Amino acid sequence: MERVISGIRPTGNLHLGNYFGAVKSFVKMQDEYDCMFFIADWHSLTTHPTPENIRNSVKTILSEYLACGIDPEKAPIYVQSDVKQVLELYLYLNMNAYLGELERVTSFKEKVRKQPDNVNAGLLTYPCLMAADILMHKADKVPVGKDQEQNMEMARLFARRFNRIYGVEYFKEPASFHFADKAVKVPGLDGTGKMGKSEGNCLYLCDDEKTVTKKIMRAVTDQGPTQLNQEKPEVIQNLFTLCELLSGKEAAEYYNDLYNRMEIRYGDMKKQMAADANALLAPIREKIIAYANDDALLERIMRQGAEKAAARAEKTIEEVREIIGFRKI
Ligand code: AMP
């Protein structure tokens with residue numbers, strides 16, 4: 001079975017965009033691949049979170065992934081900082097990564113522009129840590145968004161370079177898995193093209209029923225169509241996309257007919273969307289709360305995940321040490 005590894009950024013709560021755009025695909029992938037997920041808490045240090053931030057965000061994201069249906073028996077979930085072998089591989093990869101190529105990475109250049117006061121070495125060597133996470137497990141495929149594609153190219157480059165320097169065929173080049181291209185783009189509630197944390201236009205999986213209803217009822221619309229069969233402006237098209245995701249194709253077509261006949265009442269459409277959103281989210285929300293309140297269970301899941309990941313990682317590190325010329329320890 002092909003191996004898939006995917007890092008999860010421990011930043012804030014999951015929203016509907018994450019759910020339809022990524023997490024639902026992960027839940028499906030765990031039946032089709034030998035999957036592992038890890039919470040990338042070392043990566044998050046580039047933004048200098050407080051200890052409190054780290055503890056809470058790891059727990060939150062783990063509870064939310066589990067509530068969405070990631071089954072740790074099928075797809076172990078581990079916390080990156082629990083698998084210390086990754087650091088050793090990170091060090092080796094750093095030795096063969098060159099300043100020029102790291103400085104040319106687009107996401108690094110963007111960070112330099114956006115946060116000139118915090119251009120730390122961790123940001124520069126981010127592709128080395130990401131490559132260590134992936135190569136450690138000899139992953140065949142890595143689900144990534146477009147923003148990570150260049151880092152994936154670096155991972156492949158580092159794998160090739162290591163093999164060339166030591167004259168071995170050891171690391172395999174991981175392929176990018178662009179399921180996100182096929183996945184829907186979930187629009188924001190403000191009518192803009194994309195739901196996203198930083199846009200403040202999200203429906204979060206943990207939002208309570210009242211909040212869900214309020215947010216959907218306030219979703220941006222216009223005055224309504226002024227002509228029969230009128231082409232929809234972007235905000236309305238976005239509302240229909242959300243409607244199809246939440247209420248299904250048939251419901252979206254029903255409201256589409258009303259729109260074309262100039263009989264649509266956005267309030268009615270939103271009421272149905274809110275009811276369907278709550279039906280979808282209520283069981284997920286309940287599970288999020290149950291997991292978040294069960295520290296012992298979360299701890300057990302994290303430990304089991306770490307044990308499985310560390311067993312693989314240890315084997316890789318032993319082999320890598322031997323290839324490099326270090327003694328067995
Ligand atoms: P982020 O929370 O922005 O780091 O997003 C994590 C992943 O969730 C992305 O790589 C996408 O696969 C997915 N995602 C986030 N926002 C959306 C959205 N509005 N529509 C579809 N997918 C999304």
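Remember, it's 1-based here, ligands and their atoms both numbered in the order they're listed. For clarity, every value in this text was computed on a predicted model and none was experimentally measured.
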Q: Can a cation-pi geometry be assigned to Lys308 and Tyr78, taking NZ or CZ under 6.0 Å from the six-membered ring centre and within 45° of the ring axis?
A: no
Q: With no hydrogens and no angle check, just 3.5 Å: does a side-chain donor-acceptor pair link Asn120 and Thr46?
A: no
Q: Check this for me - ligand 1, Lys197, N or O atoms closer than 3.5 angstrom, yes or no?
A: yes
Q: Taking only heavy atoms of Lys185 into account, list the atoms of ligand 1 that are under 4.0 Å away from them.
A: 20 (N), 21 (C)
Q: Measuring from the heavy atoms of His15, does anything fall under 4.0 Å of ligand 1?
A: yes
Q: Using the test salt bridge (Lys or Arg N to Asp or Glu O under 4.0 Å), find all partners of Lys24 that sit at least two apart in sequence or belong to another chain.
A: none
Q: Check each atom of ligand 1 against the heavy atoms of Met195 and keep those under 4.0 Å away; list them by number with element.
A: 16 (N), 17 (C), 18 (C), 19 (N)
Q: Which residues end up grouped with Met1 if you chain together Ile, Leu, Val, Met, Phe, Trp and Tyr wherever their side-chain heavy atoms are less than 4.5 Å apart?
A: none
Q: Hey, what's the ring geometry for Tyr204 with His15, parallel, tilted or perpendicular (30° and 60° as the breaks)?
A: perpendicular
Q: Do any N/O atoms on Val186 end up under 3.5 angstrom from N/O atoms on ligand 1?
A: yes
Q: Have Asn278 and Thr213 got a donor and an acceptor in their side chains that come within less than 3.5 Å?
A: yes
Q: Pairs of nitrogen or oxygen atoms closer than 3.5 Å, one from Ala22 and one from ligand 1: do any exist?
A: no
Q: Would you check the N or O atoms of Gly145, main chain and side chain alike, for any that come under 3.5 Å of an N or O of ligand 1?
A: no
Q: Taking only heavy atoms of Arg9 into account, list the atoms of ligand 1 that are under 4.0 Å away from them.
A: 4 (O)
